[in-house]
Amino acid sequence: MFDVTAIGELLIDFTPAGASAAGDPLFAQKPGGAPANVLAANSRLGGRNAFIGKVGNDGFGDFLRGMLEKLRIDVSGLCTDPEIPTTLAFVQLGRNGERSFSFYRKPGADLMLRDSEIKSSLISGCHILHFGSVSLTGEPSRSATLSAVKSARKAGRIVSYDPNYRPLLWEDAGTAKRQMAAGLKLADIVKVSEEEMTLLTGETDLEKGSAALARFGASLIFVSLGAGGAFYRSGDRCASLPAYDVKTIDTNGAGDAFLGAALFRLRGKTLEEIRSLKDAELKDILLFANAAGALATTKNGAIPAMPSLEEIRSCMETVPFLPRG
Ligand code: ADP
């Protein structure tokens, strides 16, 4: 049995890495893709995980497969497209340090995952199936993802969803909202940022926005608030908990660390047990996830920054909270 099987995009992020002696801009080759980051966080804590997705038949695909293997994530569901190359994204810094992204994904292998290629034992054999919205941006990966999620539900598996909003990957905001909402109807556990909550519900208020999200059907909702900490809703009950005051250098991957850690705390629990978690336990889970998110901001990159259980425990015991804004 796997604690979490994740389905979705796996790609290379090329991030700015200074310049060569000749003055040419250099880029560092980093693994990217939120569902894999969530597994990396969960696996670092001791979770047993599997990944379903697609890379190209190229050096970048080999690099990504090797990276997941090193994290002890099962890659028997990672397909290789014979023709379409591994998806790439380049991050560039403007004159004032602002980031801009260029995606090389039309086509890109991650979008080419087909329903018929999904290894069903990774779904029937998992406790939680996790997905995001980047694999919903186009076909055939949209149908493949939704079909995997529906089979997981039929098999009585718990479904976790993080509708990451990446405007550049969608035709327009209306399509993004519609497709991201389609995912909401299939999820038991949902994690959104405040911006994503507002996009999906039109609400800026956490209680109202999370209630609107819950109406799609999820039992447990997390809203991550960056340095503001996080908020949860379970049925009628909700609360927000502060963030830890750490030395933040790179917030990339904090949301995935948060969710990977929260799912780790929910491992082995039935949906009924998750629904009936007491407030004190939910608060403890949220603080655990906040600590994971905070620690992930203290190192560069996403996957290398995922904290261990000891680091999270020590953060919860020794690091003070940030004042609430
Ligand atoms: P996302 O990347 O999904 O937008 P957030 O940036 O909200 O996610 O980060 C996830 C969690 O990580 C937050 O809920 C918070 O607990 C923690 N976190 C993020 N940024 C900081 C920060 N600057 N200081 C402390 N904790 C942070």
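As the structure lists them, so they are numbered: ligands from 1, and atoms in each ligand from 1.
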Novice: Are any of the side-chain nitrogens in R267 or D3 under 4.0 Å away from the carboxylate oxygens of its partner?
Specialist: no

Novice: Specify whether F14 and F90 have parallel, tilted or perpendicular ring planes, treating 30° as the upper limit for parallel and 60° as the lower limit for perpendicular.
Specialist: parallel

Novice: Just by modelled atom types, is the L111 backbone N or O under 3.5 Å from a matching donor or acceptor in the R105 side chain?
Specialist: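 No.
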
Novice: Among all residues two or more places apart in sequence or in another chain, which pass the salt bridge (Lys or Arg N to Asp or Glu O under 4.0 Å) test with R324?
Specialist: none

Novice: Going by an N to O cut-off under 4.0 Å, is there a salt bridge joining R114 and E117?
Specialist: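 Looking at R114 and E117, the cut-off is not met.
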
Novice: May I ask you to check whether F222 and F258 place their ring centres under 6.0 Å from each other?
Specialist: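 Yes.
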
Novice: So which residues, sorted by chain and number, lie with a heavy atom under 4.0 Å of ligand 1?
Specialist: K191, S193, S224, L225, G226, A227, G229, A230, A243, Y244, T248, A254, G255, F258, N290, G293, A294, T297, L322

